**Q** 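Quick one: the structure is below, questions incoming.
Numbered from 1 within each chain, the chains take letters A, B, ... in sequence-line order. Quick caveat, the model's predicted, so the values are computed rather than measured.
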Amino acid sequence: MDLQPPRGTVDLLPPEGGRMWALYQRAATWAHRFGYRYAETPAFEHTELFRRSSGESSDVVRKEMYTFEDRAERSLTLRPEATAAIVRAYLQRRHGLPVPLKVFTVEPMWRYGRPQSGRLREFRQFDAEIVGEGGPGADVEVVALGEAFLREAIDGPLELQINSIGDEQCRPAYRAELIECLRANRERLRDEHRDHFEDNPLRVLDCKDDACRAVAAEAPKIVDRLCEPCATHFSEVRQGLGAEGIEYVLVPTLVRGLDYYTRTTFEWVSGRLARGQDSVGGGGRYDGLAEVIGGPATPAVGFAIGLERVRLLAPETAEAAPMADVERPDAFVVGIGEGTLATTAAVARTLRAAGLGVDRSFEARPLGAQMRAADRSGARFAVIIGEREAAAGTVTWRRLSDGEQHEGPVEAAAAAIGAGREEGPA
RNA sequence: GUGGCCGUAGCUCAAUCGGUUAGAGCACCAGGUUGUGGUCCUGGGGGUUGGGGGUUCAAGUCCCCUCGGCCACCCCA
């Protein structure tokens with residue numbers, strides 16, 4: 001039996017599991033601070049949903065989907081991204097939901113491709129969406145949420161790039177103009193673009209090849225061709241970001257891989273990762289998506305942040321720590337002597353009822369061994385019960401960081417240990 | 001999916017020309033320790049040398065296949 005997990009998947013055992021869990025909590029904390037509520041959608045959907053939403057010419061649909069048939073011969077696909085499913089769910093049950101609907105989710109996604117570090121076949125995303133609001137304030141808020149999370153979760157440089165790719169009013173004309181330009185410079189493009197740029201001309205713009213970049217630099221820019229409403233929207237988004245104190249770089253060649261984007265597109269880029277995987281997250285507005293999958297016109301905007309990539313950029317101090325703060329117990333209960341198992345269990349029960357995270361040994365082991373276990377558990381306090389305490393009806397609590405200890409009733413221990421917990425992460 | 005590089009304990013590495021029972025440090029576990037953890041001492045568990053096949057008296061070492069990882073491309077998270 002091969003014990004390796006399937007290619008492109010990973011096991012998250014301690015301490016890695018705790019670090020990912022800490023990231024989930026951090027995402028939830030920030031989403032809550034911005035008024036986003038938690039949502040989940042199925043891990044798989046009808047294949048049709050993604051074909052229509054992402055677009056037939058997108059790479060996701062063309063070669064990255066995990067598609068399978070179930071026993072009733074329905075074609076299903078493991079979700080490659082979160083947005084389409086959230087919009088589908090919203091459309092099906094929109095009556096009674098708040099407007100706009102602000103939701104976030106932290107779930108795995110699946111895309112078939114060759115794995116690399118920070119690029120897995122099963123990967124996790126923090127995703128936030130505002131459905132039903134078309135104003136620029138929504139774009140700004142969604143970016144602000146992602147920005148707040150990222151600035152706290154990662155170390156080092158992070159660049160927010162933004163662009164507007166227009167809408168169905170202005171993009172067709174721009175698209176035609178761009179095709180003209182590309183046709184005129186056809187010989188300079190690299191092979192794979194030379195014959196296919198008419199399918200998705202915007203794609204050529206973010207090609208990394210030097211020759212293509214040179215052509216892209218000379219080509220007309222979509223931001224100069226926006227219709228009046230799109231131009232106004234974009235300018236208000238930029239003003240709003242400025243007012244939030246969020247720095248960004250305008251990147252006229254920033255287009256995104258999925259067809260459903262309109263107007264604002266953005267991406268967070270790290271300078272620290274390998275070039276092919278330096279995008280930490282991205283998103284944009286997708287006002288046309290709801291109609292594409294059969295609903296009424298519904299403006300919406302959102303982002304997806306890749307948590308594996310965030311982990312690669314985590315501060316080294318956090319990586320070096322033996323465990324994440326979120327999984328450290330508050331106290332480890334230690335009993336001295338053979339007959340103390342029942343006593344430590346009772347003390348643990350009391351401390352847990354008081355809201356503390358408590359661990360203990362399953363067996364009556366030597367005191368030194370239990371203290372060692374307490375230390376290794378990461379607990380902040382050891383709570384010790386021996387003959388003396390049992391007779392007096394007290395416990396001894398010892399702060400493991402400096403060895404300071406006191407003896408008193410278990411309620412006093414609970415209060416003292418609980419009081420020291422405030423400096424932990426939010 | 002295309003191209004390249006690389007696989008020896010959990011991690012970092014060692015093992016002479018193809019030669020006997022694959023070693024070390026760190027990490028992990030236990031004991032020292034029925035009144036105190038981290039340091040220290042002693043001991044222990046861990047390997048199908050990624051897997052399979054071939055060559056050979058003999059393979060961690062040479063050859064083939066395969067699986068996996070990394071890098072670039074594609075593209076994105």
Side-chain angles (χ1 to χ4, degrees), chain A residues 1-11 13-16 54 58-64 80-83 107-127 146 150 190-193 196 200 203 206-209 254-258 267-270 273-283 303-313 322 332 334-340 363-390 396-405 407:
Chain A
M1 179 68 207
D2 185 3
L3 299 180
Q4 292 181 100
R7 185 168 205 196
T9 66
V10 290
D11 298 310
L13 296 174
E16 287 81 13
S54 294
S58 66
D59 275 46
V60 168
V61 170
R62 275 173 33 223
K63 50 187 191 189
E64 293 177 352
E81 56 105 24
T83 303
E107 291 184 288
M109 309 289 158
W110 296 267
R111 285 185 207 174
Y112 194 93
R114 191 172 288 199
Q116 244 169 279
S117 87
R119 172 194 229 150
L120 300 173
R121 288 179 172 177
E122 177 180 65
F123 58 101
R124 291 145 190 88
Q125 286 189 336
F126 168 27
D127 201 272
L150 287 172
R190 54 185 297 160
D191 299 348
E192 66 248 46
H193 292 314
H196 301 297
N200 197 338
R203 179 85 49 77
D206 71 346
C207 179
K208 291 182 190 72
D209 182 83
L254 175 66
V255 301
R256 297 188 45 84
L258 307 178
E267 198 165 316
W268 285 281
V269 176
S270 161
L273 295 178
R275 203 164 136 166
Q277 61 206 34
D278 63 352
S279 172
V280 180
F303 69 68
I305 289 173
L307 296 182
E308 282 78 11
R309 289 190 187 172
V310 170
R311 291 270 298 106
L312 289 176
L313 295 165
F332 193 102
V334 172
I336 307 169
E338 283 298 329
T340 57
E363 292 169 63
R365 301 168 63 211
L367 174 61
Q370 288 189 64
M371 287 301 292
R372 192 155 54 234
D375 188 51
R376 289 171 184 172
S377 78
R380 290 165 33 249
F381 283 83
V383 174
I384 304 160
I385 303 100
E387 281 176 27
R388 191 179 68 233
E389 287 85 352
T396 293
W397 61 96
R398 174 185 179 85
R399 186 160 60 202
L400 292 172
S401 58
D402 59 9
E404 184 181 319
Q405 65 182 43
E407 182 175 342

**Q** Contact class for A:E389 vs. all strands (heavy atom < 4.0 Å): base, sugar-phosphate, or nothing?
**A** base
**Q** Please determine if a side-chain N or O atom of A:R62 lies less than 4.0 Å away from the OP1 or OP2 oxygen of B:C74.
**A** no
**Q** If pairing requires Watson-Crick or G-U wobble contacts with both distances under 3.5 Å, which nucleotide is the partner of B:C29?
**A** B:G43
**Q** Check for me whether A:R398 meets the cation-pi criterion with A:F381, that is, NZ or CZ under 6.0 Å from the six-membered ring centre and within 45 degrees of the ring axis.
**A** no
**Q** Using a heavy-atom cut-off of 4.0 Å across all strands, would you classify A:T396 as base, sugar-phosphate, or nothing?
**A** base
**Q** Please determine if a side-chain N or O atom of A:Q116 lies less than 4.0 Å away from the OP1 or OP2 oxygen of B:G69.
**A** no
**Q** Would you kindly give the CD-to-P distance between A:E122 and B:G68, to the nearest whole Å?
**A** 15 Å
**Q** If you take atom types as modelled and just measure distance, does the side chain of A:R309 reach the base of B:C76 with a donor-acceptor pair under 3.5 Å?
**A** yes
**Q** One thing to verify: whether A:R111 and A:E122 come together as a salt bridge, which I'm taking to mean a side-chain N less than 4.0 angstrom from a carboxylate O.
**A** no
**Q** What contact category does A:G281 fall into here, base, sugar-phosphate, or nothing, at under 4.0 angstrom with non-hydrogen atoms?
**A** sugar-phosphate
**Q** Could you tell me the Watson-Crick or G-U partner of B:G1, where both distances fall under 3.5 Å? Say none if there is no partner.
**A** B:C73
**Q** Contact class for A:G339 vs. all strands (heavy atom < 4.0 Å): base, sugar-phosphate, or nothing?
**A** nothing
**Q** Considering just the side-chain nitrogens and oxygens of A:R7, establish if one lies under 4.0 Å of OP1 or OP2 belonging to B:G69.
**A** yes
**Q** With a 4.0 Å cut-off on N to O distance, would you call A:R256 and A:E267 a salt bridge?
**A** yes
**Q** With a 4.0 Å cut-off, would you call A:D375 and A:R372 a salt bridge?
**A** no
**Q** Which nucleotide, if any, forms a Watson-Crick or G-U wobble pair with B:G68, using both distances under 3.5 Å?
**A** B:C6
**Q** Take atom C1' in B:A15 and the same atom in B:G54, then report the distance between them in whole Å.
**A** 24 Å
**Q** Taking only side-chain nitrogens and oxygens of A:R114, does any of them come within less than 4.0 Å of OP1 or OP2 of B:C75?
**A** no
**Q** Which residue lies toward the 5' end of RNA chain B, A:Q405 or A:K63, if each is placed at its nearest nucleotide?
**A** A:Q405
**Q** So, under a plain 3.5 Å distance rule, would you say the side chain of A:R119 forms a donor-acceptor pair with the base of B:C75?
**A** yes
**Q** Provide the Watson-Crick or G-U wobble partner of B:U16, both distances under 3.5 Å; none if there is no partner.
**A** none
**Q** Which part of the nucleic acid does A:S377 contact within heavy-atom distance under 4.0 Å: base, sugar-phosphate only, or nothing?
**A** nothing
**Q** Would you indicate what A:E387 reaches in the nucleic acid, counting non-hydrogen atoms under 4.0 angstrom: base, sugar-phosphate, or nothing?
**A** base
**Q** Taking atom CD of A:E16 as the centre, does the number of heavy atoms from other residues, nucleotides or ligands within less than 6.0 Å exceed 12?
**A** yes
**Q** What about A:R398: does its side chain form a donor-acceptor pair under 3.5 Å with the base of B:G35?
**A** no
**Q** Look at the side-chain N and O atoms of A:R376 and state whether any lies under 4.0 Å from the OP1 or OP2 oxygen of B:A30.
**A** yes
**Q** Base, sugar-phosphate, or nothing: which does A:F332 touch, judged by heavy atoms less than 4.0 Å apart?
**A** nothing
**Q** Classify the side chain of A:Q370 versus the base of B:U36 as yes if they form a donor-acceptor pair under 3.5 Å and no if they do not.
**A** no
**Q** Please report, rounded to the nearest Å, how far the C1' atom of B:G47 is from the CG atom of A:L3.
**A** 14 Å
**Q** Reckon A:V334 touches a base, only the sugar-phosphate, or nothing at all at heavy-atom distances under 4.0 Å?
**A** nothing
**Q** Strictly distance-based, threshold 3.5 Å: is any side-chain N or O of A:R309 a donor or acceptor partner for the main-chain N or O of A:G118?
**A** yes
**Q** Which part of the nucleic acid, if any, lies within contact of A:R365, taking any heavy atom under 4.0 Å across all strands shown: a base, the sugar-phosphate backbone alone, or nothing?
**A** sugar-phosphate
**Q** Answer with base, sugar-phosphate or nothing: what part of the nucleic acid does A:L120 contact at a heavy-atom distance below 4.0 Å?
**A** base
**Q** Between A:W110 and A:F123, does a ring pair (Phe, Tyr, Trp, His ring centres under 6.0 Å) hold up when you go through it step by step?
**A** CA-CA 6 Å; A:W110 296 267; A:F123 58 101; 8.4 Å; no
**Q** With a 4.0 Å limit, can you tell me whether A:S117 has a side-chain N or O closer than that to the phosphate oxygens OP1/OP2 of B:C71?
**A** yes
